[in-house]
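This report refers to the structure that appears directly beneath it.
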Amino acid sequence: MGSNEFESVGDLQPRVPQDPLLQPVGFAFTGNASEYFRIWIVNLLLSIITLGFYWPWAMVRARRYFYSNTHLDGHSFDYLAKPKNLLIGYLIVLIFFAIYLLAGLFNPLFIYPVILVYGLAAPWMIYKAFRFRAKNTAYRNVRFKFCGNLGDSYVTFLVWAALIPFTFGFILPYWEMKKKEYFFDNLQFGKTFFNFKPKAVDYYKYYLMFFAIGMGLYFILIFLIIGSAAVFGATADTSNPDIFADEGLTVLMIIGAVVGYAILMLIGVLFQKGLWLFIFNYNLSVWNLGRFGFESKMKFAKYVGIAVGNMFAGIFSLGLLIPWAKIRITKYRMENIYVLVPEGEFGEHFEAEMEDEGTFGEAATDVMDFEVGL
């Protein structure tokens with residue numbers, strides 16, 4: 001599939017109706033790879049030295065860097081979390097993992113009750129994490145809030161998930177939509193609620209399209225493998241018991257295995273990142289904040305190309321180019337996301353929110369909320 005075909009697929013992305021009264025205001029990302037690399041490498045080394053216990057401080061440093069370098073209308077975002085709150089979530093997950101390992105040492109059957117308890121606790125942890133992440137994010141001194149309730153979290157992340165095997169996976173796109181709806185439709189900025197109204201038919205359209213693309217590429221890969229094996233078998237000297245001692249054939253087999261694995265990875269990235277892009281663009285097109293709308297202009301070919309480049313850069317650099325890759329993908333995302341603003345209302349809206357909210361909102365920091373790395 002050539003680049004023109006990729007672009008034509010990208011043109012199928014949903015578009016927000018162009019209201020002449022709505023003016024697009026773009027995000028900007030000013031982070032750079034060298035600055036973030038210094039933060040990343042220090043975080044990595046300290047996490048290793050402390051056996052992972054520095055991780056909450058590392059996450060806060062990294063997020064504050066990305067938030068402070070993300071700008072909208074000349075103002076940056078703020079990440080207000082304290083590492084101790086992330087430490088709570090980290091310790092909870094660590095305790096579950098330790099219990100899981102110990103249960104397996106005593107009796108492999110003991111791990112199933114642990115998995116069951118973790119599964120029952122997961123919606124509660126997700127609910128807490130959403131509250132934590134929202135209220136510790138601020139823009140122009142106004143906090144975000146997550147107003148979803150715990151019961152809806154159990155329905156979304158447990159009840160709907162339990163139906164997947166009984167529907168042979170057909171309910172998966174609908175479940176993905178309900179997960180996004182639980183988060184996006186329960187967000188609040190200051191005193192204004194977000195509104196998110198997706199349609200299940202659109203989710204199924206994108207999932208089925210990428211399922212067809214993925215299966216097509218998978219069968220092409222299988223055909224190439226079978227064809228290569230047939231050629232190898234036809235040229236091999238089966239009367240020679242030391243066939244694999246032939247260095248040329250061994251090299252060809254290794255090259256074939258590497259190329260086959262690389263193609264399989266490319267198919268995986270194409271499916272995962274491409275599907276994410278279409279769903280993300282669609283989600284923004286059906287999301288609004290009062291009279292404000294949202295739009296993403298990310299292109300399929302460009303985004304997947306960056307994702308593939310990042311993947312191979314991370315592999316061949318043994319992970320040292322991960323900071324560069326993260327800056328690169330974040331910059332592309334931010335430069336292609338827009339807030340659709342009613343003419344003349346951008347500043348007035350945020351001034352009203354600040355009057356209602358006060359400096360960084362109320363001290364609405366429930367100490368029982370925490371981050372679990374979702």
Side-chain angles (χ1 to χ4, degrees), residues 56 59 63 67 77-82 84-93 95-96 114-139 142-167 171-200 202-203 279-280 282-294 353 356-358 360-374:
M59 289 298 297
R63 286 178 181 168
Y67 278 53
F77 287 76
D78 295 288
Y79 185 65
L80 310 172
K82 296 180 180 179
K84 66 178 182 180
N85 295 96
L86 276 78
L87 182 62
I88 294 171
Y90 176 77
L91 291 176
I92 289 173
V93 173
I95 290 169
F96 267 112
V114 177
I115 294 173
L116 178 62
V117 171
Y118 186 82
L120 292 174
W124 172 73
M125 291 192 290
I126 292 170
Y127 162 74
K128 288 291 188 180
F130 282 172
R131 282 170 53 94
F132 180 87
R133 181 72 69 88
K135 76 184 180 186
N136 285 290
T137 300
Y139 174 69
V142 181
R143 285 181 188 263
F144 289 80
K145 298 176 184 177
F146 179 74
C147 302
N149 61 64
L150 183 57
D152 288 340
S153 182
Y154 272 91
V155 171
T156 302
F157 294 98
L158 196 62
V159 175
W160 285 114
L163 295 176
I164 292 175
F166 298 102
T167 61
I171 202 174
L172 183 61
Y174 186 76
W175 180 48
E176 289 296 325
M177 185 193 75
K178 296 303 290 185
K179 288 193 294 184
K180 296 295 188 296
E181 192 173 34
Y182 176 67
F183 179 73
F184 287 118
D185 205 39
N186 285 299
L187 273 182
Q188 182 181 350
F189 179 72
K191 62 183 179 181
T192 306
F193 283 90
F194 286 86
N195 183 272
F196 181 67
K197 298 302 177 188
K199 294 181 179 179
D202 292 315
Y203 266 71
I279 295 296
F280 179 82
Y282 172 75
N283 286 341
L284 286 196
S285 74
V286 294
W287 195 38
N288 61 69
L289 175 67
R291 292 186 61 199
F292 293 81
F294 298 92
E353 295 290 359
D356 179 75
E357 188 76 357
F360 288 129
E362 305 172 1
T365 51
D366 176 4
V367 294
M368 291 305 294
D369 287 335
F370 51 80
E371 174 68 83
V372 291
L374 296 172

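Since the model is a prediction, treat every value here as computed from it, not as a measurement.
Among residues two or more places apart in sequence or in another chain, the side-chain hydrogen bond (donor to acceptor under 3.5 Å, both in side chains) test is passed with Asp152 by Asn149. For Ala134, the side-chain contact (heavy atoms from CB on, under 4.5 Å) partners at least two apart in sequence or on another chain are Phe144, Phe146, Leu187. Judged as a side-chain hydrogen bond (donor to acceptor under 3.5 Å, both in side chains), and not counting sequence neighbours, the contacts of Asp202 are Tyr282.
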Practice prompt. Please report the C-alpha distance between Glu181 and Lys178 in whole Å, then the side-chain angles of each, then the deciding distance to 0.1 Å, and finally whether the side chain to side chain contact (heavy atoms under 4.5 Å, CB included) criterion is met.
Written response: CA-CA 5 Å; Glu181 192 173 34; Lys178 296 303 290 185; 3.0 Å; yes
Item to complete: Let me see the working for Arg63 and Leu86 under side chain to side chain contact (heavy atoms under 4.5 Å, CB included), right down to the final yes or no.
Response: CA-CA 12 Å; Arg63 286 178 181 168; Leu86 276 78; 4.1 Å; yes
Item to complete: Give the intermediate values and the outcome of side chain to side chain contact (heavy atoms under 4.5 Å, CB included) for residues Trp287 and Leu284.
Response: CA-CA 5 Å; Trp287 195 38; Leu284 286 196; 3.7 Å; yes
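Contact record, Tyr127 with Gly148: CE1-O, 3.2 Å, taken as the closest heavy-atom pair. Taking both residues in full, the closest heavy atoms of Pro173 and Tyr203 are given as O-CD2, 3.6 Å, listed atom of the first, atom of the second, then distance. Closest heavy-atom contact between Leu150 and Trp124: CD1-CA, 3.6 Å. In terms of heavy-atom proximity, Ala138 sits nearest to Leu80 at CB-CD1, 3.9 Å. Smallest separation of non-hydrogen atoms from Phe130 and Phe157: CE1-CZ, 4.1 Å. Looking at every heavy atom in both residues, Ser153 comes nearest to Pro123 through OG-O, 2.7 Å.
Between the CG atom of Leu87 and the CG atom of Leu91 there is a distance of 4.0 Å, given to the nearest 0.5 Å. Separating the CG atom in Leu158 from the CD1 atom in Ile126 is a distance of 9.5 Å, to the nearest 0.5 Å. For the atom pair CZ (Phe184) and CE (Met177), the distance works out to 13.0 Å, reported to the nearest 0.5 Å. For the atom pair Met125 CE and Leu120 CG, the distance stands at 10.5 Å (nearest 0.5 Å). In this structure, CG in Asn136 is found 6.0 Å from OH in Tyr79, a value given to the nearest 0.5 Å. Of the inter-residue distances, the one linking Asn195 atom CG with Phe292 atom CZ reads 14.5 Å to the nearest 0.5 angstrom.
Residues Phe96 and Val117 form a side-chain contact, since some pair of their non-hydrogen atoms from C-beta on lies under 4.5 Å apart. Annotation: side chain of Phe194 is in contact with side chain of Phe189 (closest heavy-atom distance under 4.5 Å).
Evaluated for a ring pair (Phe, Tyr, Trp, His ring centres under 6.0 Å) with Trp160, the options Tyr174, Tyr154, Trp175 yield exactly one hit, Tyr174.
Under 4.0 Å is where a charged nitrogen must lie from a carboxylate oxygen, and between Asp185 and Lys180 no such pair does.
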